[in-house]
Trainee: 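The following block contains the structure, expressed as structure tokens.
Every chain is numbered from 1, with letters handed out A, B, ... down the list of sequences. Only this structure's heavy atoms are used, side chains among them; waters, hydrogens and symmetry mates stay out.
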Amino acid sequence: MLNYLLRRILYAIPILLGVNLLTFALFFMVNTPDDMARIHLGAKHVTAESISRWKSEHGYDKPLFLNERAEGAGRATETLFVDKSLKLFALDFGAADDGRDIAREIGQRMWPSLAIALPTFLVGLLAYISFALLLVFFRGTPLDAGGVVLSVALMSISGLFYVIGGQYLMGKLWHWFPISGYQPGLDAWKFLLMPVLVGVVASIGDSTRFYRSLFFEEIAKDYVRTARAKGLSELRVLFRHVLGNAMIPILTGVVVVIPRLFMGSLIIESFFGIPGLGSYTIDAIQAQDFAIVRSMVFLGSLLYILGLVLTDLSYTLVDPRVRLE
Amino acid sequence: MIKPILLWSDTLILLLLATLAVLVWLARNNETLRGPWRQVMKTRMGAATALILSLYIGIGLLDSLHYVERLPGAPGQAAQYSGEVRSALDWLLTPLREKVEKTYSAPFATHLYAKETMTGRDGREIRDFPRLQHGGAHLADPDKDFWRDVSERASLGLLAGWVAWLLWRSWFGCRDGGARFGVSGVCSNNPASRYATLLILLLTMGLLIALAPHYHVFGTDKVGQDVLYLSLKSIRTGLLIGSLTTLVMLPFALGLGIAAGYFGGRIDDVIQYLYTTLNSIPGVLLIAAAVLVVQVQIEAHAELFNTAAARSDVRLLALCGILGVTGWTGLARLLRAESLKLRELEFVMAARAFGVTHGRILLRHLLPNVMHLVLITVVLDFSGLVLAEAVLSYVGVGVDPGMISFGNMINGARLELAREPVVWWQLAAAFLFMFVLVLAANLFADQVREALDPKSRGRQ
């Protein structure tokens with residue numbers, strides 16, 4: 001077990017290094033710091049002097065990989081790659097273009113993100129699996145056929161429609177919830193209900209259909225026939241045998257996203273004005289703040305790899321045959 | 001005088017079509033390849049959705065035939081061409097394109113959305129909603145004539161649609177069980193759902209053709225453009241993203257996926273590392289990062305693109321390229337797993353024992369046996385990509401903001417729901433056109449999977 005964890009952590013290093021090299025290549029080699037300075041200074045005020053001033057203010061005035069002017073080990077460490085990319089491994093994200101510390105922003109903003117993403121995830125999972133089991137229970141009846149058609153129709157609607165439509169109906173027309181905004185502390189609940197509801201409904205078609213086909217695959221297997229032949233009730237077959245055995249594919253899709261919940265949802269957060277990491281990211285993309293984008297890419301990869309490890313661990317919980325060596 | 005213009009995306013579209021045509025021609029006598037597709041077209045869903053999709057594709061293709069108009073000049077002078085690139089669809093929709101109002105107007109409105117100061121009949125200044133310059137401009141008194149005029153035109157349009165349907169049926173349809181063109185079996189290939197869908201489509205088209213030249217059927221947008229025109233123009237963008245992305249993605253997925261599964265060992269390790277790394281980056285962020293970089297590069301080399309159309313075209317292609325380069329991991333993983341299984345099977349072993357080269361085994365023995373996975377994924381991905389365009393445009397990393405697309409339509413109108421009275425028509429039109437396309441694509445994909453996936457055969 002310990003051996004396994006150690007190996008996974010060691011395997012994570014080359015992946016994260018690859019991610020860093022990729023973003024570094026995109027943001028520093030294809031797009032040079034000079035290009036970046038030009039964007040931020042605007043077309044009018046660009047002189048060679050102002051570019052180099054902007055670069056030294058934001059710490060972009062070093063060479064990429066090899067510093068010829070530095071001495072000894074400094075030749076390799078006094079470079080942009082170490083400064084901007086390798087330091088991410090120590091969770092040292094540096095400062096955004098507006099001078100604020102990115103790590104502190106992340107620490108503050110992950111809580112509102114989590115407050116929306118976690119309930120959306122849990123309520124959604126419960127709802128989708130229940131609906132899917134319901135459809136499987138009524139398989140071969142018009143209820144199942146209608147449910148499938150409805151799911152396909154629901155998944156054909158743009159996600160933006162759910163957000164815009166939900167906001168309009170529940171916020172503006174019916175006055176159930178404030179249209180957007182956030183408040184820290186316990187008062188947050190009335191700002192959270194609508195985003196959670198919209199988030200759950202938005203992927204109801206997709207997920208229900210996915211779980212339904214998953215259960216269908218399981219229900220065609222021999223052990224289900226055996227269970228029925230033993231005289232078990234259909235409900236018991238579904239919940240105990242089918243659901244239990246479908247746990248592995250369910251966990252494969254589900255556990256990997258859990259660590260990413262911290263990063264929130266871009267669309268939901270920016271539409272509902274939630275000061276979380278999702279809206280932070282989207283603001284950074286629109287303001288072309290590459291320092292934040294790079295940090296979020298690194299954080300996302302880190303959390304994804306964590307999710308993969310958690311997925312493997314979760315297999316051992318539901319399937320006694322799985323051993324991590 | 002006009003001069004045809006071939007944008008890069010047009011070239012790729014034509015190339016894609018030519019490839020498809022060649023493939024269809026090669027497969028025309030191969031029953032194993034044709035069988036599943038015939039089965040798709042025989043089902044009610046397959047026939048109906050294929051019809052809707054071909055209508056969309058037709059509109060997209062018309063919109064891909066670009067030209068520039070020659071500017072009027074003295075004879076003998078060197079020809080001067082307008083900088084505005086138009087398409088065959090623009091030409092067909094000239095009445096819609098040119099009827100631009102001042103700002104918003106509701107569907108079928110005869111008056112503008114916003115009040116203006118006008119001089120009344122008695123010379124005094126009044127503030128009221130002015131009449132539209134084009135929408136319902138032929139009516140002498142909108143209050144009295146509106147309903148009569150609309151219902152007259154609508155019934156005329158419906159009648160024309162119905163007649164067109166009858167003509168179509170009597171020409172291409174078959175009477176009870178009779179053979180058509182001397183080939184029996186053609187008739188059984190035409191399920192009733194196709195006629196029903198065709199009827200609905202023709203009636204809708206009749207209605208639109210009868211009404212759209214005289215009214216703004218879906219209203220007008222902020223700068224007064226006809227929303228129906230915008231919606232029809234958006235179709236090409238959506239289709240391009242759905243199809244060209246696949247074109248970029250396939251070589252990566254096929255080459256790397258099959259190679260990883262077949263060769264195993266070091267090659268497998270490297271390819272797995274590649275796709276785990278790509279997969280670990282949150283999708284939107286990776287796309288955003290790449291698009292931001294491309295954007296800067298396009299701005300830095302602005303002199304290469306002489307028209308606005310060429311610039312937004314390059315950005316669209318770049319977006320397709322980025323979506324393709326980042327999107328191959330899912331299919332590659334599927335193909336790897338399948339090739340892992342296949343390489344242990346007897347026919348591959350036998351081929352290897354006979355000394356067939358790796359390249360030949362990959363091409364002749366593995367590739368044909370994973371094609372069903374490829375086709376299913378391509379059709380399934382299409383609808384997801386059309387939807388993704390809207391989200392990416394909202395994030396600000398989609399197509400060029402000046403390009404007409406569903407995403408830009410939604411993005412431009414989403415804040416207008418806060419107005420009083422609500423400006424809903426632009427959003428509604430974009431969502432409706434997108435919904436029909438994606439729904440048809442999803443249902444069609446289901447039929448394709450049913451027909452091609454051996455696992456789903458016989459289920460239910």
Trainee: Does the A:Q286 side chain pair with the main chain of B:V395, one donor and one acceptor, at a distance under 3.5 Å?
Mentor: yes

Trainee: Check A:L266, A:I285, A:T23 against B:L285 for a side chain to side chain contact (heavy atoms under 4.5 Å, CB included) and give me the one that passes.
Mentor: A:I285

Trainee: With respect to chain B, which residue among A:Q288, A:R209, A:R139 yields the maximal number of heavy-atom pairs within a distance under 4.5 Å?
Mentor: A:R209

Trainee: Answer with side chain, backbone, both or neither: which region of B:V397 has an atom nearer than 4.5 Å to a non-hydrogen atom of chain A?
Mentor: side chain

Trainee: Take atom CE in B:M45; do more than 12 heavy atoms of anything else shown fall under 6.0 Å from it?
Mentor: no

Trainee: Chain A heavy atoms under 4.5 Å from B:I410: which part of the residue, side chain, backbone, both or neither?
Mentor: side chain

Trainee: If I take atom CG from residue A:L16 and atom OG from residue B:S280, how far apart are they, to the nearest 0.5 angstrom?
Mentor: 7.0 Å

Trainee: Does B:K222 NZ have over 12 foreign heavy atoms under 6.0 Å away?
Mentor: no

Trainee: Looking only at atom types and distance, does a side-chain atom of A:Y304 sit under 3.5 Å from a main-chain N or O of B:T277, one as donor and one as acceptor?
Mentor: no

Trainee: Under a 4.5 Å heavy-atom cut-off, does chain A meet the side chain of B:L427, its backbone, both or neither?
Mentor: side chain

Trainee: Is any side-chain heavy atom of B:Y273 less than 4.5 Å from a side-chain heavy atom of A:I15?
Mentor: yes

Trainee: If I take atom CG from residue B:L443 and atom OG from residue A:S156, how far apart are they, to the nearest 0.5 angstrom?
Mentor: 6.5 Å

Trainee: Sort B:N279 into side chain, backbone, both or neither according to what part of it lies under 4.5 angstrom from a heavy atom of chain A.
Mentor: both

Trainee: Determine the minimum heavy-atom distance between B:L439 and A:A153, stating which atoms define it.
Mentor: CD1-CA, 3.7 Å

Trainee: Could you tell me the separation between the CD atom of B:E389 and the OG atom of A:S158, rounded to the nearest 0.5 Å?
Mentor: 9.5 Å

Trainee: I need the contact set between residues 160-167 of chain A and chain B: heavy-atom distance under 4.5 Å, sorted by residue number.
Mentor: A:L160, A:F161, A:I164

Trainee: Tell me, yes or no, whether the heavy-atom count around B:R333 atom CZ, taken from other residues, nucleotides or ligands under 6.0 Å, exceeds 12.
Mentor: no

Trainee: Heavy-atom pairs under 4.5 Å with chain B - which of A:M155, A:R260, A:M296 has more of them than the others?
Mentor: A:R260

Trainee: Examine whether an atom of B:V293 lies under 4.5 Å from a heavy atom of chain A, and if so say whether it belongs to the side chain, the backbone or both; otherwise answer neither.
Mentor: both

Trainee: Is there any ring-ring contact (aromatic ring centres under 6.0 Å, His included) pair reaching into residues 276-300 of chain A, and which pairs are they, with sequence neighbours excluded?
Mentor: A:F27-A:F290, A:F89-A:F298

Trainee: Tell me if the aromatic rings of A:F271 and B:Y394 count as close, with their centers under 6.0 Å from one another.
Mentor: yes

Trainee: Chain A heavy atoms under 4.5 Å from B:L274: which part of the residue, side chain, backbone, both or neither?
Mentor: neither

Trainee: Do B:L286 and A:L22 have side chains that get closer than 4.5 Å, going by heavy atoms?
Mentor: yes

